[in-house]
**Student:** 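What follows is a structure written as structure tokens; I'll ask about it next.
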Amino acid sequence: MQGRAKWLRVAGGVMIAGGLLASGGRARADDIQAARDVVARLLPAHAGQVTLTLRPASGTTAEYYRISGHKGDIHVTASSDSALLFGLNWYLKYVAHAGISPNGITPPAMAQLPAPGHPIEGEATFPYRYALNENTDGYTSPYWNWERWQHELDIYAMNGLNTLLIERGTDAVLYRTFMRLGYKDEQVRSWLSMPAHINWQLMANMCCYGGPVPRELIEKRAVSAQQIIGRMRELGMRPVLPGFYGMVPDDFGKRFPQAHVIGQGEWNRFRRPAWLDPRDPMFAKVAAIYYDEQKKLFGDAPVYDIQPFQEGGTPGDVPLADAGQGIQKALDTAHPGAMWMLMAWYEEPDARMLAGVDRKRLFIVDLEQNTRVRENRDADFQGAPFLYGGLWDFGGRTSLGGSSYDYGVRLPGLWRTQKNMIGTAVFPEGMDNNPYIFDLFTEAAWRRDGVDTTQWTRDYADRRYGQPGDVHARKAWDLLLRSAFSYRATGIQDFGEASAAPDSLFNAQPSLDTHSAAWNGMKVLPYDPHLVEAAMAELLQASDATRATEAYRYDLVDVTRQAVANQARAMLPQIGDAFAARDRAKLHALTTRWLELMDRQDSLLATNTFFRVGTWLSWPQAWSDDPAQRKLMDYDARVILTNWGGRTASQVGHLRDYANKDWAGLTKDYYRVRWQLFFDSLETSLATGRPPREIDWYKVGEEWCHNGRVYSPTPEGDSYTVARDIHDYLTQGNMAPSK
């Protein structure tokens, strides 16, 4: 590991003329100023009491850290930037009872940092601690600015993550590539998709959505990606960049009739881009241009994300083994020794493709472990190295939940039996939710054995709010451990897509028999909902000191929101029964309460910036002063939440509401409007004796996407007051949820 850490530092990025990044070294091999800056930003009141020292490992290949010191003078020594910051975070968690999370920073409560009782040492079990799903940049960060990205990188660094996928800027690579191949400016910009959708184009699922993409936006995104990758390299993080596997515009075969181009059909009713045969001489030419342009912009990377035939597509008459060889050869020509990242997802990667490539150079992210236990990945992947992928969220949904057992108990000990395992991968489609699972999962890469989840959760409650011994906070998290975080990889398909937490029926396209908002979401609630209500009640009794923290305010909104959302699963069948029985009074009473719950939920969500659609919609506006471009980006950001795409993809391809969110503004002005229309149609049906009228739900979505309404990101109201009101409403004789 000593040699690897040195190489990562030498490969750091520097700025050159024109704002482009190129490979280059730091001024000094021991320069850890970027790590010190992270501490200063996250812990401004205590950073002066922390000394970080980089010291190469001796006699071990694993990254290590050592914590020592005295009161007010804490020393962290480690073999890498990542180990330095993770070691400090370990100290903060287990000595200072402080919390660094994506959803709230809880600094140490004491003015002087406490001394550890004895030196604390730890080391990484795996060299790769990866993060970011291919879809994260669509569902979480398509329009983030530098300040927001910097904060995210700070959080990742403190949690030991050292390898990140950066897709932003690849639109610029594609633009330059096809311009060099003779395409015109507007032709390429019309083929590319807008930022909230471009990552699906990078997997060849779709193209041409939302544009033409403004040239100015493409260039700004490239500069932004340079800044992100530059900071990563300063922190010793490895960038993973999208590689080339043959995706070309549909008319490529007409422009180059000698090339062997194969149509790829559809993905969820989107037409997929065409695929250029990797055996064809033209493939090597296009790949060389692509990697050349990418290197000019972003330098080299140790790993390249390449996902041929992701969720469909066809190799046609091309043998998969030959295709894999051609893809890998082009990568190796441009970046000798680079690794090829693949997802293990449904039927991917295809065993025939694995058989044709140098499997030692693969970097497989295993997502199947989330649904069922896989005992022998060495055989499954033909000896290729893999990372255990944690996937607890799809579409960036706000659902509370995850598998504490799989991530806290099973994962840390897998190194004993899975000899080809080289790391872990934080792989939810949306980031910055479920901070409990994020904390548990990122720790797993630094543990050799599983944890006692009961004790670990108790410790988490202590550091989450910086108040060890708050019995109500501890009790709340114990109840959540036994409910929302209690399920595990079982292989039960009824649970839905990869056993991610169930979404809210408030967010579903209205019907009387829906079981999830996203078409492939979890169809059943895998825990007793009363336990979540009880957790809400315990949080409301927490101490004043606990209630003063940012993390508490986030959790109170999140847990209360989930308790409200769970109500819908009990109420919808009763609404259906009342309609079937033609009981107009009962139907009206139930639907009135349903809408009242949605109103109360919207008021709750409005109290926290993490749960406001105005936060999401504020990001695009900063990318341009041009009204037409702003309108284009605003629509892109809205439609990904709602209709997702055009009418056919939305309604027939079932993409609608895939990225549903419990967010203020979205709940009130979109989800509630739909349910009001639906309930009105039911009441009219009972009054007239005619079937409920058909409603054009796609049109309703488009009206919200185009209405131009401005939503503020600034919180309104007091979270505790609104949550207390909801608790009283749910418990004072109102219907309680049933499992």
Side-chain angles (χ1 to χ4, degrees), residues 496 502-525 529 561 563-605 641-644 647 650-652 654-658 660-705 707 726 729-730 733-739:
D503 55 18
S504 173
L505 298 189
F506 288 141
N507 305 346
Q509 181 169 293
S511 78
L512 290 174
D513 57 0
T514 186
H515 296 285
S516 63
W519 73 273
N520 52 1
M522 189 183 289
K523 301 297 188 284
V524 298
L525 199 63
R561 173 207 58 74
V564 174
N566 289 346
Q567 291 275 323
R569 292 186 175 271
M571 292 183 65
L572 190 59
Q574 297 179 18
I575 291 172
D577 290 343
F579 179 74
R582 305 189 63 80
D583 188 334
R584 294 174 62 183
K586 186 173 183 180
L587 177 69
H588 182 76
L590 286 168
T591 58
T592 297
R593 182 173 186 273
W594 176 289
L595 296 174
E596 169 70 11
L597 282 170
M598 294 189 75
D599 287 337
R600 289 173 180 269
Q601 177 179 271
D602 191 83
S603 296
L604 172 74
L605 301 170
L641 304 176
T642 53
N643 282 334
W644 207 102
R647 181 181 290 274
S650 178
Q651 297 296 313
V652 182
H654 301 296
L655 288 174
R656 65 177 189 270
D657 300 316
Y658 186 87
N660 69 86
K661 310 282 198 300
D662 290 351
W663 281 351
L666 188 63
T667 295
K668 179 180 180 181
D669 293 339
Y670 181 57
Y671 299 137
R672 190 193 188 282
V673 167
R674 293 197 304 184
W675 282 104
Q676 181 74 71
L677 287 170
F678 181 67
F679 292 151
D680 287 348
S681 75
L682 296 183
E683 293 203 17
T684 300
S685 173
L686 292 187
T688 63
R690 292 192 293 269
R693 71 180 181 91
E694 293 289 331
I695 299 171
D696 186 345
W697 296 118
Y698 181 79
K699 181 181 178 182
V700 174
E702 286 296 282
E703 288 171 352
W704 185 79
C705 290
N707 68 21
I726 288 174
Y729 181 79
L730 293 179
N734 287 286
M735 182 194 326
S738 60
K739 190 173 180 181

**Student:** Would you say T592's side chain and H588's backbone share a donor-acceptor pair under 3.5 angstrom?
**Tutor:**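 The answer is yes, because a donor-acceptor pair under 3.5 Å joins these two groups.
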
**Student:** Is there a side chain to side chain contact (heavy atoms under 4.5 Å, CB included) between L655 and N643? Walk through the geometry before answering.
**Tutor:** CA-CA 7 Å; L655 288 174; N643 282 334; over 6 Å; no

**Student:** Is the backbone of H515 close enough, under 3.5 Å, to the side chain of R569 for a donor and an acceptor to pair up by distance?
**Tutor:**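 Side chain of R569 to backbone of H515, a donor-acceptor pair under 3.5 Å: yes, one is there.
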
**Student:** Apply side chain to side chain contact (heavy atoms under 4.5 Å, CB included) to the pair L686 and D583, showing each step before the final yes or no.
**Tutor:** CA-CA 8 Å; L686 292 187; D583 188 334; over 6 Å; no

**Student:** S685 side chain to R690 main-chain N or O, any donor-acceptor pair under 3.5 Å?
**Tutor:**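 Yes: the side chain of S685 pairs with the backbone of R690.
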
**Student:** Atom CG of L572 and atom OG1 of T591: how far apart are they, to the nearest 0.5 Å?
**Tutor:**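 L572 CG to T591 OG1: 11.5 Å, rounded to 0.5 Å.
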
**Student:** Using a strict cut-off of less than 4.0 Å between a Lys/Arg side-chain nitrogen and an Asp/Glu carboxylate oxygen, indicate whether K661 and D503 qualify as a salt bridge.
**Tutor:**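 The answer is no: the pair does not qualify as a salt bridge.
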
**Student:** Where do R584 and E683 land on the side chain to side chain contact (heavy atoms under 4.5 Å, CB included) test, with the steps shown first?
**Tutor:** CA-CA 7 Å; R584 294 174 62 183; E683 293 203 17; over 6 Å; no

**Student:** Can you label the angle between the F679 ring and the W594 ring as parallel, tilted or perpendicular, going by 30° and 60°?
**Tutor:**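 Rings of F679 and W594: perpendicular, over 60°.
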
**Student:** Specify the closest pair of heavy atoms between F506 and Q601, including all atoms of both residues, with the distance to one decimal.
**Tutor:**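 So the two residues come closest at CD1-OE1, 4.0 Å.
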
**Student:** Let me confirm one number: the CG-CG distance from L590 to L595, rounded to the nearest 0.5 Å.
**Tutor:**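 L590 CG to L595 CG: 11.0 Å, rounded to 0.5 Å.
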
**Student:** Using every non-hydrogen atom in the two residues, find where Y729 and R593 come nearest and quote the distance to one decimal.
**Tutor:**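 Looking at all heavy atoms of both residues, the shortest contact is OH-CG, 3.5 Å.
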
**Student:** To the nearest 0.5 angstrom, please state how far the CD atom of Q574 sits from the CG atom of L512.
**Tutor:**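 Output value for this atom pair is 13.0 Å.
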
**Student:** The criterion is ring pair (Phe, Tyr, Trp, His ring centres under 6.0 Å); which residues satisfy it with W644, sequence neighbours excluded?
**Tutor:**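 Ring pair (Phe, Tyr, Trp, His ring centres under 6.0 Å) list for W644, sorted by chain: H197, W200, W267, F270.
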
**Student:** Mind jotting down which residue pairs meet the side-chain hydrogen bond (donor to acceptor under 3.5 Å, both in side chains) criterion with at least one end in residues 668-680? Sequence neighbours excluded, please.
**Tutor:**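 Those involving residues 668-680 are D599-R672, D657-R674, D669-R709, D669-Y711, Y670-R674, R672-Q676, Q676-D680.
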
**Student:** Got a second to check how far Q651's CD is from Y698's OH, nearest 0.5 Å?
**Tutor:**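 Reported value, rounded in 0.5 Å steps: 8.5 Å.
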
**Student:** Got L677 and P510 here, is their nearest side-chain heavy-atom distance under 4.5 Å?
**Tutor:**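 Not in contact.
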
**Student:** OG1/T667 to CG/L605 distance, rounded to the nearest 0.5 angstrom?
**Tutor:**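 Here the rounded value is 5.0 Å.
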
**Student:** So W704 and V673, side chain to side chain contact (heavy atoms under 4.5 Å, CB included) or not? Walk me through it.
**Tutor:** CA-CA 10 Å; W704 185 79; V673 167; over 6 Å; no

**Student:** Please report the shortest heavy-atom distance between G689 and R582, naming the atom on each side.
**Tutor:**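 So the minimum-distance heavy-atom pair works out to CA-NH2, 4.0 Å.
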
**Student:** Do L666 and N507 come close enough that some side-chain heavy atom pair is under 4.5 Å?
**Tutor:**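 No - every pair of side-chain heavy atoms lies 4.5 Å or more apart.
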
**Student:** Tell me, do Y658 and N520 make a side-chain contact under 4.5 Å, heavy atoms counted?
**Tutor:**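 In contact.
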
**Student:** For A518 versus N660, what's the shortest heavy-atom pair and its separation?
**Tutor:**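 Smallest interatomic distance, heavy atoms only, reads N-ND2, 3.9 Å.
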
**Student:** What heavy-atom pair brings F678 and S511 nearest, and what distance separates the two atoms?
**Tutor:**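 Distance-wise, the nearest heavy atoms are CZ-CA, 3.7 Å.
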
**Student:** Can you list everything that forms a salt bridge (charged side-chain N to carboxylate O under 4.0 Å, His left out) with R561? Sequence neighbours excluded, please.
**Tutor:**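 Salt bridge (charged side-chain N to carboxylate O under 4.0 Å, His left out) check on R561 returns D558, D662.
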
**Student:** Kindly give the heavy-atom pair with the smallest separation between D602 and G665, and that separation in Å.
**Tutor:**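 Smallest heavy-atom distance, with atoms named: OD1-N, 2.9 Å.
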
**Student:** Find the distance between CG (L587) and CG (D577) and round it off to the nearest 0.5 Å.
**Tutor:**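 Here the rounded value is 11.0 Å.
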
